[in-house]
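Letters A, B, ... are given to chains in the order of the sequence lines, protein chains preceding strands, and every chain is numbered from 1.
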Amino acid sequence: MCKVGVLNTPPLARKIITRVDLYRYLERSSSSLQHLNQIHAQMLVNGFNKETNDNSLTTKFITTLFSSGVPHLASLVFNQLESPNVFLWTCMIRGFSYSGGFKESILFYDRMRRQGVRPSNFSFPFALKSCAVVEALFEGEEIHADALRLGFVSDVFIQTALLDMYMKCSRIEAAEKVFDEMGERNVVSWTAIISGYCRFGLLEQAQELFEEMPTKNAVTWNVMIDGLARCGALEAARQLFDKMPVRNIVSWTTMICGYSRKGDMANARLLFDQMPEREVVAWTSLISGYAQNGEPGQAIKVFEMMLAAGMKPDGVTMLGVISAVSQLGSLHLCAWIEDCISRCGFEADVRILNAVINMYVQCGCIGRALRAFEKITEKDIVSYNSMITGCATHGYTNGALSVFSQMIKMEVKPNGITFAGLLTACAHGGLVEEGRRYFRRMFDLGHVKITAKHYACMVDLLGRAGHLEEAYEVVLGMPIKPEASTWGALLGACRMHGNLSLAEVAAQRLFEMEPENPGNYTILANMYMERRMWDAAMGVRQLMKGNQIYKTAGTSWVEVTD
DNA sequence: CTAGGGTTAG
């Protein structure tokens, strides 16, 4: 908290401070936290925060706290105010919306209403934006009701925010109703509804309005181009791109992403090279494009170009680069990435540190993955899950189990992915009793979403250990529809332990569910042949042929070197 | 010096 104790810090404290001075200090682009402390101290001492009819300085101060990335301090300052006016309330709603605290933003709107403060026309758009992002339809509807009650409903800004909120909450008809009832529409309203249609793949409706609307701006064109590209009409998107009057960075980036999503990195690169100016998002699009399309080496090359061009990568860029390095499996590059992360100041970004765990897991370096894991001070569920799954898939059974106990000790709630990892670990390590315990615990917890994958793990675990009947019972007792992988696990276990009668049952299901998979036929046919049951084996081969299935030749990903 | 709004890309 801002302590008045910092008051004796010169130079601010030396002379008499006026409101003007404080305004000027706040308008400086980068205020350090200490600097903000001093300003707050001055405000308290001079009583600038007490004036009930003019809170503008406090508003400005709180806004600065938000834009300095310390929303919790903004809350603290706000909570000390005696009777914040609607400006201050709006400032909180906006601040949280700006800094990603959408739930808090909605909560502040709610608090304001319960305090009996009447919102202003400025309160609505921010609150509605927050509802749109977290898809809080119920709260959005409440706010809509407020707007109706308080007579704000013909405000274009509010109407546009409403229609966008409804679209983002998948209420197309409600959005259309707002749009239809608008007395006055501008480019933004038209663009908002077109954007909504595009997100739902309703291209015809989008295009119709796009033609119909009186004036378009660059955003409108970009929305339409992106909509076409995402719906697979990349050619049409390109035509619009070529036709649009004034292209901006987003237009270029949208097209680059369109090509990249389609796997056409040649055209993506061509546009990237042609675009007049590039910033982080464009660079990142190209990098992730290469990474996602199996060209990790190119991704690294472009990243190096980006650094050489003096561009500063952000978190999303790093995620793309880390994905590329994960595919390359080079420990040398891993070390380089870790260096980049600390030099660019991403050491506190959990998402990135989690990606680093996965990177080392994919490189097969569980030791380093663990080291990266342990370095994370604020581990989240993804950190734990990555480590558990990583250990499990590499056969470090005890590692997986011990990370799980750490997770429980830290009171992080395990989810379905956690248990899939644990069951995989137990299957790998042959820990039948532990596996059964985790399986039961998963149900007992009550909140875990149990999928066919969990059952497949359990069947695999029991089956490998030779408990074939129990495995079969697990499948029969499934409350959800078994997937091919479930029966596949059972069939594999039957082959391993030579249980022909159960193998026939599993194979029968698999022939129905995935008749095109040659592996199932082969396993059963081989089991018959081992027992010299030639006719039965031939029968399976005939069935396979009848289903037009041919075994594909074995391939290896191991490179041949000389 | 005197507070703030709605649509687009990774």
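- Contact annotation for A/Ser251: no contact, since no heavy-atom pair falls under 4.0 Å across all strands.
- A cation-pi contact, defined as under 6.0 Å to the ring centre and within 45° of the axis, is absent between A/Arg94 and A/Phe122.
- OP1 and OP2 of B/dT8 both lie 4.0 Å or more from every side-chain N or O belonging to A/Arg247.
- A/Arg185 comes within 4.0 angstrom of no nucleic acid atom, judged by non-hydrogen atoms across all strands.
- Counting non-hydrogen atoms under 4.0 angstrom, A/Ser123 reaches nothing in the nucleic acid.
- Atom CH2 in A/Trp190 sits about 18 Å away from atom P in B/dT7, given to the nearest Å.
- In terms of polar N and O atoms assigned as donor or acceptor, the side chain of A/Thr59 comes within less than 3.5 Å of the base of B/dA3 in a complementary pairing.
- What separates CD of A/Glu279 from C1' of B/dT8 is a distance of 12 Å, to the nearest Å.
- A/Asn293 places its CG atom 15 Å from the P atom of B/dG10, with the value rounded to the nearest Å.
- Here B/dA9 presents its P atom at 21 Å from NZ of A/Lys262, a figure rounded to the nearest Å.
- Distance NZ (A/Lys216) to P (B/dT8): 18 Å, rounded to an integer number of Å.
- For A/Asp226, taking side-chain heavy atoms from C-beta onward, the closest of the listed nucleotides B/dG10, B/dG5, B/dA9 is B/dA9.
- In this structure, the aromatic ring of A/Phe124 is not positioned over the six-membered ring of the base of B/dG5 within 5.5 Å between centres and 30° between planes.
- Centroid-to-centroid, the aromatic rings of A/Phe66 and A/Phe96 come within less than 6.0 Å.
- At a cut-off of 3.5 angstrom, counting only N and O atoms as typed in the model, there is no donor on one side facing an acceptor on the other between the side-chain of A/Ser285 and the base of B/dG10.
- A/Thr220 comes within 4.0 angstrom of no nucleic acid atom, judged by non-hydrogen atoms across all strands.
- Across all strands shown, A/Val316 has heavy atoms under 4.0 Å from base atoms, whether or not it also approaches the sugar-phosphate.
- Following rounding to the nearest Å, A/Asn121 (CG) and B/dG4 (P) show an atom-to-atom distance of 14 Å.
- Salt bridge annotation for A/Arg351-A/Asp349: present, with a cationic side-chain nitrogen under 4.0 angstrom from a carboxylate oxygen.
- Both tests pass for A/Arg185 against the ring of A/Phe179: distance under 6.0 Å to the centre and angle within 45° of the axis.
- As rounded to whole Å, 15 Å separates atom P of B/dG4 from atom CD1 of A/Ile93.
- Where stacking is scored as ring centres under 5.5 Å apart with planes under 30°, A/Phe157 does not register as stacked on the base of B/dG6.
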